[in-house]
Amino acid sequence: MSTLAIDIGGTKIAIGLVKNDAIVERRQFPTPVVSQANEFAHSILEQAGTWLNEAHRIGISTTGLVSEQGISAINPDTLAFPAPFPLKQALESLTGLPVAMLNDAQAAAWYEYTKLTNPVSNMAFITVSTGVGGGIIIDGKLHSGHSGLAGHVGHFSIDPNGPACGCGQVGCVEAIASGTAIKRSSDQIFEPAIDNVELFALAKTDLIAEELISRSANAIATLCCNLKATLDLDIVVLGGGVGLADTYLQRVQQHIHARPQAFQVPVVAAQGDYDACLLGAAYQFNEEE
Ligand code: BMX
Ligand code: ZN
């Protein structure tokens, strides 16, 4: 079975041809402006080109809240879907292939759970990227809730005096820790502006850059401890462009180790590395095989 996997993020879309759990072809491109679902689907299929002739099915993992009707944004600043955005239906009718769709972090959570070296009952996957997403496994099952919202841990409000979040709350983890939030703070300080890759490099020698990254990692540590207190997690798996950046995981671990022991939880890097959400997109079908 070959699956065309599509991972839609706030900044980029990754697509891949996945066979036996392995990505055999991969490509990525900037997320196009979201308008009509059909148009959006067309631009993805154009990039997939001849892979489509090989694919037996399509798996989508996407930023946003996923329901039967389509995708909608919890934080429109991450990606402003006109809700509900019926991408699954659009791809089904354009290709005639079976299509499955899940939230990006939920899809990655299920994939990562099945790849754990030591089996556990309760796990969270957290992606720190354009936004901060999450997927929760409880008693060995993906918990997405009746509306699909479960796992949107980026919208835990952890600071009543914190920055406004695009979701309408104040002090969300996403508004403090995401790549977008780091960049926003960094733009207020560094002139000329630098990107987050440059910021991570600068943090080795510059205390202000170091502090910006540490603030993000500390917010993720708070999130991990809150999740430990709520769900008695056995492990947290970290992914995303920021989450997997050099030294970030170690920073999160250091902040967690400064907390009371009862709230501490082990944090490990995603097995699927930067492609955890893309592999998760394809992995949705595995249950059925
Ligand atoms: C936002 C939200 C989540 C998503 C998370 C990570 C939207 C559009 N997205 O919290 O559904 O899982 O960002 O998204 O409201 P990413 O784009 O950073 O991968
Ligand atoms: Zn929020």
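Whatever order the structure lists them in is the order used to number ligands and atoms, beginning at 1.
Within the sub-2.8 Å shell of the Zn ion (ligand 2), the protein contributes these N/O/S atoms: H155 ND1, C165 SG, C167 SG, C172 SG.
Taking 4.0 Å as the cut-off, H155 counts as a neighbour of ligand 1 on heavy-atom distance.
Taking the six-membered ring for Trp and thresholds of 30 and 60 degrees, F200 and Y248 have ring planes inclined between 30 and 60 degrees apart.
Residue E198 qualifies as enclosed at atom CD: its count of foreign heavy atoms under 6.0 Å is above 12.
Shown here for I58 and F285, the closest heavy-atom pair between the two residues is O-CZ, 3.2 Å.
At least one N or O atom of G10 sits closer than 3.5 Å to an N or O atom of ligand 1. Taking distance alone, with nitrogen or oxygen atoms compared against 3.5 Å, S129 approaches ligand 1 more closely than that limit. At least one N/O-N/O distance between I74 and ligand 1 falls below 3.5 Å. At under 3.5 Å, a nitrogen or oxygen of G131, whether backbone or side chain, sits near a nitrogen or oxygen of ligand 1.
Only the side chain of N103 comes within 4.0 Å of ligand 1, judged by heavy-atom distances.
Of the candidates T63, D7, T180, V173, the one placing a heavy atom closest to atom 2 (C) of ligand 1 is T63. Summarising the contacts of atom 5 (C) of ligand 1 with A108, G151, C167, G133, the nearest heavy atom is found in G133.
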**Study point:** CA sep, side-chain torsions, deciding dist, call: V237, I126, side chain to side chain contact (heavy atoms under 4.5 Å, CB included)
**Key:** CA-CA 6 Å; V237 177; I126 299 175; over 6 Å; no
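Note that OG of S2 and CG of N20 are 8.5 Å apart. Values are rounded to the nearest 0.5 Å.
Residue, atom and distance of the protein heavy atom nearest to atom 1 (C) of ligand 1 are E174 OE1, 3.2 Å. Protein heavy atom at the shortest distance from atom 19 (O) of ligand 1 is D104 OD2, 2.8 Å.
E54 has its side chain within reach of K19: a pair of non-hydrogen atoms, C-beta onward, lies under 4.5 Å apart. No side-chain heavy atom of T11 sits under 4.5 Å from any side-chain heavy atom of S129.
Salt-bridge annotation for E92 and K88: present, with a side-chain N of the basic residue lying under 4.0 Å from a carboxylate O of the acidic one. In summary, D234 and K228 do not engage in a salt bridge, as defined by a charged side-chain N under 4.0 Å from a carboxylate O. Salt bridge present: K204 and D246 bring a charged side-chain N and a carboxylate O closer than 4.0 Å.
When each atom of ligand 1 is checked for a heavy atom of N75 under 4.0 Å away, the hits are 7 (C), 8 (C), 15 (O). Under a 4.0 Å criterion applied to the non-hydrogen atoms of G9, ligand 1 contributes the atoms 17 (O). Within ligand 1, counting atoms from 1 as listed, the ones closer than 4.0 Å to a heavy atom of H152 are 3 (C), 11 (O). Within ligand 1, the atoms closer than 4.0 Å to a non-hydrogen atom of L79 are 8 (C), numbered from 1 in the order shown.
Residue pairs meeting the ring pair (Phe, Tyr, Trp, His ring centres under 6.0 Å) criterion with at least one partner in residues 40-84, sequence neighbours excluded, are F40-F85, F81-F85.
Considering T130, T180, N75 as possible partners of E174, the one that fulfils the side-chain hydrogen bond (donor to acceptor under 3.5 Å, both in side chains) test is N75.
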